[in-house]
Protein chains: 2
Amino acid sequence: MRTHAQHELTKNQALVFGSLSEAGGPLTAYAILDLLREDGFRAPLQVYRALDKLVEFGIVHRLESLNAFVACSHKDCTGHGSAAFAICEKCGDVREFTPDDAVRLLKDWTESQGFALARTTIELRGTCKDCVASG
Amino acid sequence: MRTHAQHELTKNQALVFGSLSEAGGPLTAYAILDLLREDGFRAPLQVYRALDKLVEFGIVHRLESLNAFVACSHKDCTGHGSAAFAICEKCGDVREFTPDDAVRLLKDWTESQGFALARTTIELRGTCKDCVASG
DNA sequence: GCATCTATGTTATGTTGTAACACACATAGC
DNA sequence: GCTATGTGTGTTACAACATAACATAGATGC
């Protein structure tokens with residue numbers, strides 16, 4: 001696949017990012033650790049250190065309300081705005097989207113308060129279309 | 001003070017809510033536990049069970065990105081909309097606000113996707129006005 | 001009385017995340 | 001070459017956050 005080549009990931013970073021990409025959904029750090037034991041991972045720090053960098057690069061997002069991590073769903077992560085996530089509490093599916101208008105309003109509020117916004121966490125919990133239909 | 005009398009809090013709920021109200025800012029569950037040891041608290045579950053109810057009542061909010069809890073800043077918590085939080089990473093101050101317009105846009109997106117929205121987590125990280133000025 | 005529901009107390013355990021220290025490897029400057 | 005520096009890595013131990021399981025107590029409704 002060779003996506004995100006712009007970052008020249010290290011071995012551990014590539015393994016962690018690969019796990020998340022292949023999973024296609026959120027994984028906890030310890031779930032990643034278990035997946036990567038066959039690749040020689042032994043300790044949580046190996047995962048957390050890689051995750052820190054991947055989040056810094058913007059190609060992995062942390063889901064605060066799940067204590068989990070997910071690969072960015074954009075083909076090319078350079079320069080997109082703040083991400084938001086719709087999390088289905090039935091099936092665990094996570095949909096990433098970029099609510100620029102809503103973020104603009106939030107940023108307007110912070111500016112009116114003199115608050116220097118660094119980053120946003122927007123996570124929506126509920127039930128996805130498929131799970132609503134099936135039950 | 002006798003705010004939130006509508007909920008008839010139990011003894012433990014009242015103690016936990018009192019700690020948060022008096023703190024005037026976010027506290028972790030274990031910080032609350034330490035504050036309430038003199039009142040007979042011995043185990044984390046005593047705190048977590050009270051917090052679960054207080055969050056359910058809507059008079060305490062959980063800050064996912066801090067693993068902490070904060071008393072709702074509204075005088076009367078009945079019927080207000082989804083809350084958002086501006087969290088200063090310098091001084092730890094938390095400001096609660098109610099971004100109805102932004103939430104409306106987020107809800108519009110979920111509805112367009114057939115996603116049944118149950119609740120929102122909106123947490124803004126950055127630097128507050130005072131810390132920007134002093135640093 | 002007694003069934004039921006909620007709140008509570010307690011012990012133990014599970015899950016998530018970091019501190020501290022050592023070593024390997026690359027590269028820039030001398 | 002060789003050393004200083006920065007980053008990535010490996011490992012042990014531990015801190016911080018949260019819940020399972022089981023027992024007890026009190027209130028309410030029949």
Side-chain angles (χ1 to χ4, degrees), chain A residues 4-20 23 25-57 59-70 87 89 92 94 121 123 125, chain B residues 4-20 23 25-57 59-70 87 89 92 94 121 123 125:
Chain A
H4 309 300
Q6 68 273 22
H7 284 297
E8 298 299 338
L9 301 182
T10 67
K11 173 169 156 285
N12 283 5
Q13 289 162 15
L15 285 167
V16 169
F17 185 70
S19 301
L20 284 171
L27 293 175
T28 67
Y30 279 75
I32 295 170
L33 174 58
D34 287 339
L35 288 172
L36 292 180
R37 285 193 191 282
E38 60 193 29
D39 296 289
F41 274 47
R42 308 286 303 281
L45 258 194
Q46 296 173 285
V47 178
Y48 280 109
R49 289 200 277 226
L51 285 170
D52 283 347
K53 287 296 182 183
L54 295 169
V55 169
E56 181 184 321
F57 297 157
I59 63 180
V60 164
H61 300 291
R62 175 182 174 86
L63 299 172
E64 300 284 357
S65 66
L66 295 178
N67 293 325
F69 300 84
V70 66
I87 301 167
E89 294 183 320
V94 173
T121 296
E123 299 177 16
R125 311 297 294 258
Chain B
H4 309 299
Q6 68 272 24
H7 285 297
E8 296 301 337
L9 301 181
T10 67
K11 173 168 156 284
N12 284 3
Q13 289 162 14
L15 285 167
V16 169
F17 185 70
S19 300
L20 285 171
L27 293 176
T28 67
Y30 279 74
I32 296 169
L33 174 58
D34 286 339
L35 287 173
L36 293 180
R37 285 192 191 283
E38 60 193 29
D39 295 289
F41 274 47
R42 308 285 304 279
L45 258 194
Q46 295 174 286
V47 178
Y48 281 109
R49 289 200 278 227
L51 285 171
D52 282 348
K53 287 295 183 184
L54 295 170
V55 169
E56 182 185 322
F57 297 156
I59 63 179
V60 165
H61 301 291
R62 175 183 173 84
L63 298 173
E64 300 284 356
S65 66
L66 295 178
N67 293 324
F69 301 84
V70 65
I87 301 167
E89 295 182 320
V94 173
T121 296
E123 299 179 15
R125 311 297 293 258

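Each chain gets a letter, A, B and so on, in the order its sequence line appears, and its residues count up from 1.
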(request) Could you tell me which residues satisfy side chain to side chain contact (heavy atoms under 4.5 Å, CB included) with B/A31, sequence neighbours excluded, listed by chain and number? (result) B/L27, B/T28

In residues 33-57 of chain B, what donor-acceptor pairs under 3.5 Å come from side-chain atoms, sequence neighbours left out?
residue: B/D34; atom: OD1; partner: B/R37; partner atom: NE; Å: 3.2
residue: B/Q46; atom: OE1; partner: B/R42; partner atom: N; Å: 2.6
residue: B/Q46; atom: OE1; partner: B/A43; partner atom: N; Å: 2.9

(message) With heavy atoms of chain B within less than 4.0 Å as the criterion, where does contact along DNA chain D begin and end?
(response) D/dC17 to D/dA21

(request) To the nearest 0.5 angstrom, please state how far the CG atom of A/N67 sits from the CZ atom of A/R62. (result) 5.5 Å

(message) Please give me the minimum heavy-atom distance between A/V70 and A/G25, naming the atom from each residue.
(response) CG2-C, 3.9 Å

I'd like a table of atom pairs between the protein and nucleotides 9-16 of chain C - only N or O on both sides, under 3.5 Å - with the distance next to each one.
residue: C/dG9; atom: OP2; partner: B/N12; partner atom: ND2; Å: 3.0
residue: C/dG9; atom: OP2; partner: B/Q46; partner atom: NE2; Å: 2.5
residue: C/dG9; atom: N7; partner: B/R49; partner atom: NH2; Å: 2.4
residue: C/dG9; atom: O6; partner: B/R49; partner atom: NH1; Å: 3.1
residue: C/dG9; atom: O6; partner: B/R49; partner atom: NH2; Å: 3.3

(message) Run the side chain to side chain donor-acceptor pair (under 3.5 Å) test against B/S19 and tell me which residues pass, sequence neighbours left out.
(response) none

(request) Tell me, please, which residues at least two apart from A/N12 pass side chain to side chain donor-acceptor pair (under 3.5 Å). (result) none

(request) Could you list the residues that satisfy salt bridge (Lys or Arg N to Asp or Glu O under 4.0 Å) with B/E123, not counting sequence neighbours? (result) none

